[in-house]
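In what follows, a structure is listed as structure tokens, so that the remarks can point back to it.
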Amino acid sequence: MHLKEIIQNSRKIVIKIGSNVLSDEKGAVNRKVMHNIVEQVNELVGMGKQVILVSSGAGICGVGAINKWSRRGDINYKQALCAIGQVELMMAYKEYFGDYGIHVAQMLLTRDDFSDPHRTLNIRNAMFTLIDEGVVPVINENDSVSVDEIKIGDNDTLAALTTTLWNADLLIILSDIDGVFDKDPKSNSDAKLIQLVENAEKLTSQINIGGTSSFGTGGIQSKIEAAAKVNKFGIPMLLLNGSKEDIIRNSMLDSARGTLFMGTIGK
Ligand code: GLU
């Protein structure tokens with residue numbers, strides 16, 4: 001199935017934006033990329049689709065805003081940076097979506113929110129209400145209250161949890177890589193892009209996965225795990241290079257490539 005049809009046939013779409021996509025080479029927020037993504041989300045909304053964003057970037061925005069502590073490993077400093085950066089991140093989303101008359105809503109979630117049925121129900125209700133009212137929820141982990149032991153840890157997992165909770169039709173993960181390759185493309189020039197994955201769980205044993213990149217948390221491993229999680233519910237996942245301008249738009253024109261995790265849907 002073509003990417004164009006997959007996106008066109010999906011009404012409820014979760015889009016996860018990684019820190020690598022949102023940051024420039026110095027680790028500050030790349031506003032041009034962010035603006036371009038918001039533009040494309042606005043187009044999807046204009047086509048009658050409903051969108052939830054799962055956005056990383058609190059950490060990098062924090063470094064950008066306060067210009068210190070970037071190398072401090074202490075958890076309290078990391079939490080402080082995210083607390084500062086989350087405000088910056090939302091201010092930027094508010095400004096860009098505001099240009100299209102779209103309201104955004106911040107939802108900061110933790111692992112506990114998904115393991116306690118009462119809390120999960122409350123999030124679900126808030127999420128559905130926002131979407132019904134035409135608001136775009138922007139979700140991130142509540143980093144300033146989550147210590148390592150209880151953290152979801154990476155937003156690929158958070159995006160997969162959000163996708164199944166909302167019962168979305170499609171999860172799009174925007175990363176700084178074109179998709180999953182058969183070898184690590186950074187060290188192998190002959191690495192080939194795998195465009196269709198039918199069994200995400202098996203994939204990890206079939207390819208040699210590279211490490212995580214400099215700003216992101218999960219690397220390719222957590223993306224494959226996210227795909228396995230949503231595929232289990234019959235929901236496809238699309239991994240695209242969000243650093244490339246108009247990537248969603250171009251996917252809808254069938255002029256971009258990525259990795260589509262289909263599971264066994266459509267077989
Ligand atoms: N929640 C973290 C942040 O906003 C990012 C987690 C991740 O990179 O997956 O900085």
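Atoms within each ligand, like the ligands themselves, are counted from 1 in listed order. Keep in mind it's a predicted model, so treat the numbers as computed, not measured.
- Of the N and O atoms on the side chains of D143 and Q79, not one donor lies less than 3.5 Å from an acceptor on the other residue.
- At a heavy-atom cutoff of 4.0 Å, ligand 1 is contacted by both the backbone and the side chain of N155.
- With salt bridges taken as basic N to acidic carboxylate O contacts below 4.0 Å, none links K49 and D169.
- Residue D154 has at least one heavy-atom neighbour below 4.0 Å for each of these atoms of ligand 1: 9 (O).
- A salt bridge links D113 to R119: one of the charged nitrogens lies within less than 4.0 Å of a carboxylate oxygen.
- Within the 4.0 Å heavy-atom criterion, the part of S19 lying near ligand 1 is the side chain and not the backbone.
- For a threshold of 3.5 Å applied to N or O pairs, the pair formed by G57 and ligand 1 contains at least one separation below that value.
- The shortest N/O to N/O separation between E141 and ligand 1 does not fall below 3.5 Å.
- Ligand 1 has no N or O atom lying under 3.5 Å from any N or O atom of D156, backbone or side chain.
- Here CD1 of I37 is found 14.0 Å from CG of N42. Values are rounded to the nearest 0.5 Å.
- Shown in contact with D143 at under 4.0 Å from a heavy atom are these atoms of ligand 1, numbered in order with element: 1 (N), 2 (C), 3 (C), 4 (O).
- In terms of polar-atom proximity, defined here as any N/O pair under 3.5 Å, S55 makes no such contact with ligand 1.
- Here D24 does not pair with K32 in a salt bridge; the nearest charged N to carboxylate O distance is not below 4.0 Å.
- Polar contact check, G59 against ligand 1: a nitrogen or oxygen pair lies under 3.5 Å apart.
- For A58, a nitrogen or oxygen atom sits less than 3.5 Å from a nitrogen or oxygen atom of ligand 1, counting backbone and side chain alike.
- Here salt bridge (charged side-chain N to carboxylate O under 4.0 Å, His left out) pairs that include residues 36-46, with residues two or more places apart or in two chains, are E39-R249, E43-R249.
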Review item, side-chain donor-acceptor pairs of residues 70-78, under 3.5 Å, at least two apart:
| residue | atom | partner | partner atom | Å |
| --- | --- | --- | --- | --- |
| R72 | NH2 | D74 | OD2 | 3.2 |

